[in-house]
2 protein chains.
Amino acid sequence: MGKQAEITIHDIAKKLGISASTVSRALNNNPLISKATQAKIKETAAKMGYRPNTMAANLRTRKTNTIGVIVPLINRHFFSSVISGIEDVAYNSGFAVTITQSNDSFEKEEKIAQTLYSNRVDGVIVSIGMETTKFNHLKHFSERNIPLVFFDRVVDEIEAHKISVDDFNGGFKATQHLIEQGAKKIAHIGGPLNLNIYRKRLDGFCAAMKKAGLEVDRQMLLHNSLTRTDGTNAIKKLLKNPQKPDAIFCANDTTALSVIIYLVENGIKIPEDIMVVGFSNEPFSEVVTPSISTIRQPGFEMGQKAAELIIEQIKQKNQPSLFQNIVMPTELIIRQSSFKKKG
Amino acid sequence: MGKQAEITIHDIAKKLGISASTVSRALNNNPLISKATQAKIKETAAKMGYRPNTMAANLRTRKTNTIGVIVPLINRHFFSSVISGIEDVAYNSGFAVTITQSNDSFEKEEKIAQTLYSNRVDGVIVSIGMETTKFNHLKHFSERNIPLVFFDRVVDEIEAHKISVDDFNGGFKATQHLIEQGAKKIAHIGGPLNLNIYRKRLDGFCAAMKKAGLEVDRQMLLHNSLTRTDGTNAIKKLLKNPQKPDAIFCANDTTALSVIIYLVENGIKIPEDIMVVGFSNEPFSEVVTPSISTIRQPGFEMGQKAAELIIEQIKQKNQPSLFQNIVMPTELIIRQSSFKKKG
DNA sequence: TTGTACGCGTTATCAG
DNA sequence: CTGATAACGCGTACAA
């Protein structure tokens with residue numbers, strides 16, 4: 001059915017009465033080729049509708065010009081922003097991007113890593129899942145000299161470039177802000193502590209409390225998976241305590257949102273009775289009522305940076321002697337959910 | 001640097017004193033191989049840390065087990081949901097997914113299509129950009145027998161499977177709902193009319209108006225790129241008209257949001273003075289105040305379906321004689337921005 | 001049930 | 001500056 005055979009460099013060579021290697025060189029802008037023949041070759045290649053077969057070139061050069069990306073969930077604003085940033089930079093450098101999602105499942109993360117390896121991606125950018133506590137599947141890449149860059153949910157145990165936001169400082173600033181607004185009994189709804197972003201946010205929280213001479217009440221510290229449901233359960237639990245919080249620092253905006261919705265439904269005033277601060281600056285946080293105070297996380301820029309770092313590594317083949325640990329600054333955005341008075 | 005050479009099927013063969021083809025067959029579960037040798041081969045393959053080189057297999061089989069995806073913008077809830085759905089199904093069928101974004105630029109869309117072709121993706125799932133009015137770069141795929149599936153922003157001019165929501169009916173239901181709520185002078189802020197999703201939403205709008213015996217005022221029809229800024233500009237314009245609208249049907253939630261924000265800021269009551277309905281059911285629409293009535297678009301499911309269709313096509317090699325035009329049902333979600341009374 | 005021989009389309013090496 | 005030749009690692013007729 002008109003299924004015209006693929007045109008190869010040999011077809012071009014034959015038509016021009018030259019060799020395939022000359023065609024290959026011309027198409028790859030090899031400087032050894034005379035301008036005249038190069039022009040002629042490119043012209044007829046275009047005329048014949050030639051499209052290079054990347055697979056063959058890949059096999060030969062042992063490169064795929066492809067970057068693999070592993071995220072917990074594509075369909076989440078922060079992660080899709082990062083992906084968008086990665087794609088932006090990668091595309092402009094001639095790299096394709098293969099996206100995978102672990103769904104926060106360790107098993108899937110392992111399989112994905114295998115697949116990406118089999119596909120011989122030139123590098124991998126990864127944010128680990130909530131279940132991940134072993135890292136052999138990722139070490140495998142660095143052992144084979146395949147560049148690896150972590151972002152957000154980074155792994156301390158592996159040497160690699162890492163990009164994160166200043167989670168400690170974010171937690172600190174959020175908490176300090178609540179204190180400045182008059183909070184004394186501050187609760188924290190955090191994520192799984194095997195992820196260091198959540199450890200650091202908690203540490204920042206504790207540091208700010210300590211600095212203000214406030215006590216961290218064990219009853220006020222909750223850890224879960226930070227879903228809408230988790231948030232609702234957490235606020236219910238907190239409200240049952242004898243000591244009720246006057247402010248809550250949530251480790252993400254999703255939890256903050258569900259807390260706010262629950263409080264509003266139950267006639268508890270925000271920020272008068274309870275103040276709330278989230279983390280990540282999701283799109284909804286600005287527009288919900290009350291709008292959610294939060295910590296901005298520059299996803300797109302993190303993705304761009306991750307792509308830049310990995311491409312740099314890919315190009316200079318051997319692993320860098322010194323790995324960067326890039327910590328992007330966080331920004332506290334004060335909105336209605338925590339604004340009582342000037343701090 | 002411990003850079004151990006890649007292990008190939010030849011290494012396994014040598015170690016076991018058998019031929020490479022036997023190893024190849026065993027690893028691919030070819031039924032001709034005896035269970036015993038197959039088991040032995042798989043075992044030593046695992047022991048030696050063998051990972052298949054997909055590139056070589058791809059070159060040989062002329063398949064990549066990769067699906068290319070083109071979307072206008074990754075970082076947008078609807079699209080990232082679709083991508084998530086695609087990845088979900090693709091992964092379970094052994095396909096990798098390469099994601100690209102056109103940024104609604106025709107030029108980039110063309111280049112991306114070329115790249116995907118050169119990468120010999122087995123199929124392409126695409127939602128075209130706002131600028132796209134020519135389709136040669138996409139026709140190229142179907143001409144070469146490379147399966148193509150459109151979703152959401154589909155193209156009438158190309159024969160292929162298409163998945164969209166019932167935009168006409170969505171526009172119709174949204175408008176009819178406004179009419180039932182008592183609206184008489186309904187405005188529409190729509191998208192570029194070269195995209196048929198926006199044409200159909202407009203058509204649905206007009207049909208509902210006609211059915212109710214209401215006149216469509218030309219002054220009340222605005223078309224733009226549906227960004228936050230576009231929405232603000234549009235509502236300003238509408239309010240300057242001598243005839244002011246008592247309801248607005250926006251072709252997406254982003255525009256509806258900016259309209260609502262502008263109205264609230266200017267003391268115009270929603271829904272009492274002006275009712276608003278959006279389209280897509282973005283995450284923020286449920287939680288903003290007033291919450292936004294909208295049309296639900298099942299992104300994840302659309303992605304799953306798109307992946308299923310393309311994988312089916314890829315597997316049965318030759319193009320199907322009959323292309324499906326799947327229209328997913330829309331659902332009207334009534335929220336505060338348009339709820340005055342029972343319809 | 002297994003082995004042999006070849007080719008997928010490209011690039012790298014070596015001559016010229 | 002250009003050409004011939006040999007890989008890259010795998011899958012598959014065909015033969016045994």
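Being a predicted model, the structure only gives us computed values, none of them experimental. A, B, ... follow the sequence lines: proteins, then strands. Residue 1 opens every chain.
- Within the 4.0 Å cut-off from OP1 or OP2 of D:dG11, not a single side-chain nitrogen or oxygen of B:Thr61 is found.
- Atom CG of B:Leu32 is separated from atom P of D:dA16 by 18 Å (rounded to the nearest Å).
- Applying the 4.0 Å criterion to OP1 and OP2 of C:dG3, one finds that B:Ser19 has a side-chain N or O inside that range.
- Rounded to an integer number of Å, the gap from A:Met55 CE to C:dT11 C1' is 16 Å.
- Put simply, CD on B:Gln38 is 10 Å from P on C:dT2, counting in whole angstrom units.
- As a whole-Å value, the separation of B:Asn29 CG from D:dC10 P is 16 Å.
- A:Asn28 comes within contact range of the sugar-phosphate backbone alone, with a heavy-atom separation under 4.0 Å but no base atom that close.
- Figure legend: A:Arg120 and A:Tyr117 shown as a cation-pi pair, the cationic atom lying under 6.0 angstrom from the six-membered ring centre and within 45 degrees of its axis.
- Remark: B:Lys40 does not engage B:Glu43 in a salt bridge, criterion side-chain N to carboxylate O under 4.0 Å.
- Comparing C:dT11, D:dG9, D:dG3 by their nearest atom to the side chain of B:Leu59 picks out D:dG9.
- Counting any heavy atom pair closer than 4.0 Å across all strands shown, B:Thr37 reaches sugar-phosphate atoms only and no base atom.
- Taking only distance into account, the side chain of A:Ser21 meets the base of D:dA4 through a donor-acceptor pair shorter than 3.5 Å.
- When each of C:dT2, D:dG9, D:dG11 is scored by its nearest atom to the side-chain atoms of B:Ile33, the top-ranked nucleotide is C:dT2.
- Judged by distance alone with a 3.5 Å cut-off, no donor-acceptor contact links the side chain of A:Arg62 to the base of D:dG9.
- Closest to the side chain of A:Arg25, from the set C:dG9, D:dC10, D:dA4, is D:dA4.
- Both tests hold for B:Lys108 against A:Tyr91: distance to the six-membered ring centre under 6.0 Å, angle to the ring axis within 45°.
- Within the structure, every side-chain polar atom (N or O) of B:Tyr50 is placed at least 4.0 Å from both OP1 and OP2 of D:dG9.
- Contact between the side-chain N/O atoms of B:Thr22 and the OP1/OP2 oxygens of C:dT2 is not found at any separation under 4.0 Å.
- The phosphate of D:dC1 (OP1 or OP2) has no side-chain N or O of A:Ser34 nearer than 4.0 angstrom.
- Between A:Arg51 atom CZ and C:dT10 atom P there is a gap of 13 Å when expressed in whole angstrom units.
- We find that NE2 of B:His10 is positioned 8 Å from P of D:dC10, with the value rounded to whole Å.
- Among the nucleotides D:dG3, C:dG3, C:dT10, the one closest to any side-chain atom of A:Ile18 is D:dG3.
- Ion pairing between a basic and an acidic side chain is recognised when a charged N comes within 4.0 Å of a carboxylate O; A:Arg153 and A:Asp104 show such pairing.
- The CG-P distance, from A:Asn58 to C:dT10, rounds to 12 Å in whole Å.
- Around atom CD of A:Glu301, more than 12 heavy atoms belonging to other residues, nucleotides or ligands sit under 6.0 Å away.
- Distance, B:Arg120 CZ to C:dG9 C1': 9 Å, rounded to whole Å.
- Within 6.0 Å of NZ on A:Lys15 lie no more than 12 heavy atoms contributed by other residues, nucleotides or ligands.
- Evaluation of atom-type donor-acceptor distances gives no pair under 3.5 Å for the side chain of A:Arg60 against the base of C:dT10.
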